[in-house]
Amino acid sequence: MEPGRTAEAGEDAELAAELVIDARGTRCPMPVILAARAATTLAAGTVIQVLATDPAAAADLPAWCRMRGHTVIGIEHADGLVGCRIRLGG
């Protein structure tokens, strides 16, 4: 799959996040900044999950992934929470 693209339903579903970044209660651009900070210390291929309450994170995180060569595995919305799973690129 190309960097920055969202996985199809069921694809990579077995991948569990190795790190959960809790960005709840923060506003743009903090969910992206927290993910970017974590990405600098983790190996390519690591799966992270970013939790955010800012609805803009659903667009901001995939845009960051496209710019940095990461892959969005999936985005979930539930009860005002955005959960974005990302596989870090090299």
Side-chain angles (χ1 to χ4, degrees):
M1 180 180 314
E2 294 187 28
R5 295 207 33 207
T6 302
E8 298 298 320
E11 185 177 341
D12 294 327
E14 71 284 352
L15 291 177
E18 296 179 37
L19 176 68
V20 176
I21 299 166
D22 188 353
R24 292 178 289 184
T26 67
R27 300 202 38 98
C28 179
M30 284 309 295
V32 171
I33 290 172
L34 294 173
R37 282 183 188 159
T40 64
T41 64
L42 299 169
T46 300
V47 175
I48 64 172
Q49 181 171 18
V50 181
L51 303 176
T53 49
D54 183 357
D60 294 344
L61 289 163
W64 170 72
C65 287
R66 284 189 300 275
M67 293 188 312
R68 298 295 181 212
H70 306 308
T71 302
V72 175
I73 298 170
I75 299 176
E76 296 180 6
H77 302 265
D79 300 323
L81 183 67
V82 174
C84 184
R85 290 185 338 128
I86 299 166
R87 182 184 309 109
L88 300 178

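The analysis underlying the following values was restricted to heavy atoms, covering all of them including side chains, and did not include hydrogens, waters or symmetry mates. No experiment lies behind these values; they were computed from the predicted model shown.
When all heavy atoms of Ile48 and Ala35 are compared, the closest pair comes out as CD1-CB, 4.3 Å. The nearest pair of heavy atoms linking Ala52 to Leu81 is O-CD1, 3.4 Å. Across every non-hydrogen atom of Ala58 and Ile75, the tightest pair is O-CD1, 3.7 Å. In this structure, Ile73 and Ile86 approach most closely via the heavy-atom pair CD1-C, 4.1 Å. Pro31 approaches Leu61 most closely through the heavy-atom pair O-CD2, 4.0 Å.
Contact annotation: the side chain of Asp54 never approaches that of Thr26 to less than 4.5 Å [non-hydrogen atoms, C-beta and beyond]. The side-chain heavy atoms of Asp60 and Pro29, taken from C-beta on, include no pair separated by under 4.5 Å.
One finds the CD1 atom of Ile33 at 12.5 Å from the CD1 atom of Ile21 (value rounded to the nearest 0.5 Å). Distance CG/Leu42 to CZ/Arg37: 14.0 Å, rounded to 0.5 Å. Here the CD atom belonging to Gln49 is positioned 10.0 Å from the CG atom belonging to Asp22, to the nearest 0.5 angstrom.
Judged by distance alone, the side chain of Thr53 and the main-chain N or O of Gly25 form a donor-acceptor pair under 3.5 Å. Under a 3.5 Å cut-off, the side chain of His70 and the backbone N or O of Gly89 do form a donor-acceptor pair.
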Applying side chain to side chain contact (heavy atoms under 4.5 Å, CB included), run through Leu51 and Val82 and close with a yes or a no. CA-CA 6 Å; Leu51 303 176; Val82 174; over 6 Å; no
Take Leu34 and Val50, measure what side chain to side chain contact (heavy atoms under 4.5 Å, CB included) needs, and give me the verdict at the end. CA-CA 9 Å; Leu34 294 173; Val50 181; over 6 Å; no
As a quick check of understanding, evaluate side chain to side chain contact (heavy atoms under 4.5 Å, CB included) for Thr71 and Cys65, giving each step before the final call. CA-CA 6 Å; Thr71 302; Cys65 287; over 6 Å; no
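Taking hydrophobic clusters as Ile, Leu, Val, Met, Phe, Trp and Tyr residues chained together by side-chain heavy-atom distances below 4.5 Å, Leu19 shares a cluster with Trp64.
The local environment of CD in Glu76 is sparse, with at most 12 non-hydrogen atoms from other residues, nucleotides or ligands closer than 6.0 Å.
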